[in-house]
Number of protein chains: 2
Amino acid sequence: MSKPTIKVLAKELGLAVSTVSKALRDSHEISQDTKDKVLKLAAQLNYIPNPYASSLRRQKSRTIAVVIPEVADSFFSIAINGIEEVAREKGYHVLIYLTHESLERETEILNEFKSGRVDGLLISVTRDTCSGTHITEAIEAGLPVVFFDRMCEDIKAARVLTDDYESSYQATRLLIERGCKKPAYLSISPNLSINQKREAGYLAAVNEAGIETSQARIISCDGPDDKITEQILILLRQPNRPDGIIASVEKLVPPVYFACKELGINIPEEIRLIGFTNLTASPILNPSLSTVTQPAFEIGKTAAALLFKGIEKTSFDLSREKLIIPSQLQLRDSTL
Amino acid sequence: MSKPTIKVLAKELGLAVSTVSKALRDSHEISQDTKDKVLKLAAQLNYIPNPYASSLRRQKSRTIAVVIPEVADSFFSIAINGIEEVAREKGYHVLIYLTHESLERETEILNEFKSGRVDGLLISVTRDTCSGTHITEAIEAGLPVVFFDRMCEDIKAARVLTDDYESSYQATRLLIERGCKKPAYLSISPNLSINQKREAGYLAAVNEAGIETSQARIISCDGPDDKITEQILILLRQPNRPDGIIASVEKLVPPVYFACKELGINIPEEIRLIGFTNLTASPILNPSLSTVTQPAFEIGKTAAALLFKGIEKTSFDLSREKLIIPSQLQLRDSTL
DNA sequence: TTGAAAGCGCTAACAC
DNA sequence: GTGTTAGCGCTTTCAA
C-alpha cells in the first residue's frame with residue numbers, strides 16, 4: 001500500500017487532478033458535492049499531500065527556522081516552547097539549528113536559507129555575529145527575519161527583546177540600596193547587545209549612586225565552566241573584593257555559588273547576588289537566588305507571531321518592528 | 001538578483017542541465033574540467049540547490065524529526081544538543097515537535113510524517129502513547145524510528161535508553177544503606193516505561209532490604225507544579241512520613257524542596273533525597289542534591305547515529321537495536 | 001563524456 | 001464547475 005497521490009484520487013473518482021487539488025484546498029470553484037466525495041476518499045485512503053511537491057510549486061515551505069546559540073539554557077528552551085506553540089497554530093514546521101556561538105556555523109546555516117528552505121527565521125545571534133554580513137544578505141534575499149533576545153543593533157530587522165538596560169539598572173540599584181558599596185558586574189561575551197545594555201544599566205545605577213569606578217568592577221568571564229569559576233575565585237580572593245554581584249547570564253550563576261562556597265563567603269551577608277536567569281531551581285538554591293527573570297515564553301511567542309505576520313502580509317514592513325517585553329525582578333534570599 | 005537555478009548555470013556555461021546536475025553531485029561520468037567550470041560558476045553566483053525540488057525527485061528530505069513531550073527539561077534539551085550535533089555532521093536538518101504529553105497531538109504529528117516530510121524519527125513518547133497505533137503505522141509505512149528515553153515496550157523499534165531499573169535500584173539501596181527505613185518513591189505518569197522500570201528498581205531494593213510494603217510508599221503525583229507540591233505536603237504531613245525520597249523525574253525536585261522547607265523538615269537529617277535529573281544547579285541547591293544523572297547528550301547522539309544508520313543502510317534492521325547507556329549516581333549532601 | 005527527455009506530486013493559468 | 005496543460009527545479013534513465 002503505497003502513498004496515494006492526487007493522481008490516484010483523481011483516477012479513482014473519475015475527476016481531473018486539478019479538480020481534486022482544488023477540492024482539497026476547499027476552493028470556491030468546486031461544488032460541495034465534489035468536495036465531499038474527494039474529502040471522503042482522501043480520508044479513506046489516508047491521503048497526505050506531499051509537502052515538497054507543494055513547496056516546490058508554490059515556492060513556500062510552511063517551515064520556519066530557529067537559530068540559537070544553545071538549547072541547554074533555560075531561556076532558550078522556554079522560548080522554543082513559545083515559538084513552537086504559535087508555529088503549530090499556524091500549521092508551520094520548525095527547524096532548529098544550534099550555533100554554539102560559532103559565527104562560521106551561523107553563516108553556513110544562513111547561507112543555506114537562500115535556497116528557500118524556510119519561509120522565515122527567528123534568530124538569537126552568536127557573540128560574534130554582528131561583524132558578519134550573512135544576516136543582512138538573507139534579509140536582502142527576501143527572507144523575513146526576527147531577532148529575539150540577542151540581536152545586532154545595526155541590522156535593520158524586527159526584534160523582540162526584554163528591557164535589559166532597565167532591569168539591570170533596577171537590579172544594581174537594589175544591591176546598592178541593600179548596602180552594597182562595591183557591586184561587580186559579571187559577563188561573558190562583552191560585544192553582545194544584551195550584555196552591553198545590561199552593563200550600561202549597571203553603570204548608570206553605579207554612577208548615580210556615586211560609587212567610584214575603582215569599586216565598580218566589570219569582569220568579563222570566558223571559557224568553560226571550570227575556567228569561569230577560577231576567574232571568579234580570583235576576583236573574590238582580592239582583599240578589596242566586591243560585596244555584590246550581578247551575574248548577567250545564567251551560565252555564571254553556578255560558578256559564583258561554587259566560588260563563594262569554596263572561599264567560605266556567605267551570601268548574602270558578605271556578598272549579595274542577583275542573576276539573570278529563568279532557572280526553576282532559583283528558589284531552592286542555597287541561599288535562594290534573587291533573579292531578573294526574562295519573559296522567555298512570551299518572547300518566543302511574540303517573536304513567532306511577529307514573524308508570521310511578516311510572512312503572511314507582504315504589505316507589512318517587518319523590519320520596523322521592535323517589541324520590548326519587560327523582565328521581572330524577583331527578590332529572594334541572596335539579596336536580603 | 002533572483003536565485004540561480006541549475007538551468008541558469010547550464011545556459012551560462014553552454015551545458016545541459018543534466019550535465020550540470022551531475023557535475024554538482026561530483027558524478028564520475030563528468031570530466032574534471034567540466035566539474036571545475038561548473039563548481040566555479042556555482043560558487044560565483046552563490047548557487048544553492050533548491051532542497052524541495054531535490055526532495056521531490058529523490059523522495060527523501062535529508063530531514064529528521066524529533067518529537068518530545070517538552071523542551072524545557074534539562075534531559076531533553078541536552079539530548080537535542082546531541083541530536084543536532086550528529087545531524088549537522090551528516091548534513092541533515094532537524095524538525096522539532098513538542099507534544100506536551102498529548103497523545104492526540106503526537107498522533108497528528110506522526111500522521112503527517114506519512115507524507116514523506118522526514119526521512120526518520122527520534123521520539124520520546126507521551127504518557128499515553130503506548131495505547132495508540134500511530135507509531136506502528138508510521139513504522140509500517142516505512143519510516144525509520146528510534147525511541148530515546150521514553151518508549152513503548154511492545155512496539156518493535158530501535159531504542160536508546162539508560163539503565164533505569166539498575167540506577168533506581170542503586171539509588172534506593174543507597175538511601176537504605178544510609179539508614180532510611182521508609183523510603184518513598186515519587187513519580188508522575190505511572191504508565192510510562194521509564195517510570196515502570198525505575199519503580200521496579202526501587203521495589204527490588206526495598207524488598208531486598210526487607211522493608212514492609214506499608215513503609216515503602218509509591219506516590220504518583222499529578223498536575224501542575226503547585227498541585228504537585230500540595231501532594232507532597234500531604235505525604236510529608238503524615239505522622240509516619242517517609243525518611244527518604246526518590247524523585248523519579250526532574251519536575252518533582254523543586255516541589256520536594258519546597259514542601260520540606262514549608263514543613264521545616266531537614267534534608268538530609270530527617271529525610272534523604274535523590275533526584276533523577278540533569279540540572280546543572282544540583283550542586284548548589286540547599287542542600288546540594290544527590291542525583292541519578294542521565295547521559296542525556298550521549299543518548300541524543302547515539303539515538304541519532306543509530307537513526308542515520310537505519311536511514312542510510314537499507315540492509316540494516318533498525319528495529320532490533322537496543323542500546324543502553326548507564327546513568328551515574330552522583331552523591332551530594334541530600335543523602336549524607 | 002555529454003545531452004535530451006521524462007517525471008517526482010502538486011498548483012495555477014486558462015480553456016471549456 | 002471541471003478539465004487541460006504547463007511548469008516549480010531537480011535527478012535519472014537512456015541515447016548520442
Side-chain angles (χ1 to χ4, degrees), chain A residues 2-39 41-42 45-63 91 112-119 141-142, chain B residues 2-39 41-42 45-63 91 112-119 141-142:
Chain A
S2 72
K3 291 155 196 164
T5 67
I6 260 191
K7 212 165 158 184
V8 173
L9 297 187
K11 183 161 283 173
E12 199 76 20
L13 293 167
L15 290 170
V17 288
S18 59
T19 309
V20 175
S21 173
K22 285 173 196 161
L24 287 169
R25 328 188 87 246
D26 200 28
S27 160
H28 53 90
E29 331 178 19
I30 303 296
S31 73
Q32 194 53 51
D33 204 46
T34 310
K35 281 183 192 169
D36 290 346
K37 267 189 265 178
V38 170
L39 258 25
L41 185 64
L45 300 183
N46 194 19
Y47 167 76
I48 316 277
N50 182 313
Y52 298 126
S54 172
S55 292
L56 175 58
R57 182 60 233 242
R58 312 186 64 195
Q59 304 285 40
K60 43 186 86 259
S61 60
R62 292 196 84 75
T63 301
E112 236 259 5
F113 294 161
K114 292 178 188 154
S115 68
R117 184 180 291 276
V118 296
D119 296 345
Chain B
S2 73
K3 292 155 195 164
T5 65
I6 261 191
K7 213 165 158 184
V8 173
L9 297 187
K11 183 161 284 173
E12 199 76 21
L13 293 166
L15 290 170
V17 289
S18 56
T19 310
V20 175
S21 173
K22 284 172 194 163
L24 288 169
R25 328 190 87 246
D26 201 29
S27 159
H28 58 257
E29 327 176 19
I30 303 296
S31 72
Q32 194 54 50
D33 204 45
T34 310
K35 281 184 192 169
D36 290 344
K37 268 188 266 179
V38 170
L39 258 25
L41 184 64
L45 300 184
N46 195 17
Y47 167 76
I48 316 277
N50 182 312
Y52 298 127
S54 172
S55 292
L56 176 58
R57 180 61 233 240
R58 311 186 67 195
Q59 304 283 43
K60 43 185 86 260
S61 60
R62 290 197 85 75
T63 301
E112 236 257 6
F113 293 162
K114 290 178 188 152
S115 68
R117 184 180 291 274
V118 295
D119 296 345

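Throughout, a chain's letter reflects where its sequence line sits, starting with A, and its residues are numbered from 1.
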Salt bridge or not for B:Asp26 and B:Lys35, using N-O below 4.0 Å? yes
For C:dG7, does either OP1 or OP2 sit under 4.0 Å from a side-chain N or O belonging to B:Arg57? no
side-chain N/O B:Gln32 vs C:dT1 OP1/OP2, d < 4.0 Å: no
B:Pro49 side chain, from C-beta outward: closest of C:dA13, D:dC10, C:dT2: D:dC10
Base, sugar-phosphate or nothing for A:Gly116? Non-hydrogen atoms, less than 4.0 Å. nothing
Could you check which of C:dG9, D:dT12, D:dT5 has an atom nearest any side-chain atom of B:Ser18? D:dT12
Of the candidate nucleotides D:dC10, D:dA6, C:dT1, which contains the atom at the shortest distance from the side chain of B:Ser54? D:dC10
Does a nitrogen or oxygen in the side chain of B:Thr19 sit under 4.0 Å from OP1 or OP2 of C:dG3? yes
Below the 4.0 Å mark, does D:dT2 have OP1 or OP2 next to a side-chain nitrogen or oxygen of A:Thr34? yes
Mark yes when over 12 heavy atoms from residues, nucleotides or ligands other than B:Lys114 sit less than 6.0 Å from its NZ; otherwise mark no. yes
Give a yes/no on whether any side-chain N or O of B:Gln59 is located under 4.0 angstrom from OP1 or OP2 of C:dG9. yes
Report yes if some heavy atom in the side chain of B:Ile48 is under 4.5 Å from a heavy atom in the side chain of A:Phe113; otherwise report no. no
Counting only side-chain heavy atoms from C-beta out, which of D:dC8, C:dC10, D:dC14 sits nearest to A:Ile6? C:dC10
Would one find a side-chain N or O of B:Ser21 under 4.0 angstrom from OP1 or OP2 of D:dT11? yes
Taking all atoms of both residues into account, what is the closest heavy-atom pair of A:Gly116 and B:Tyr52, and its distance? O-CE1, 3.4 Å
Does C:dC8 have OP1 or OP2 under 4.0 Å away from a side-chain N or O of A:Thr5? no
Both B:Ile30 and B:Arg58 contact DNA chain C. Which one's nearest nucleotide lies toward the 5' end? B:Ile30
Tell me whether the OP1 or OP2 atom of C:dG9 has a side-chain N or O from A:Tyr47 closer than 4.0 Å. no
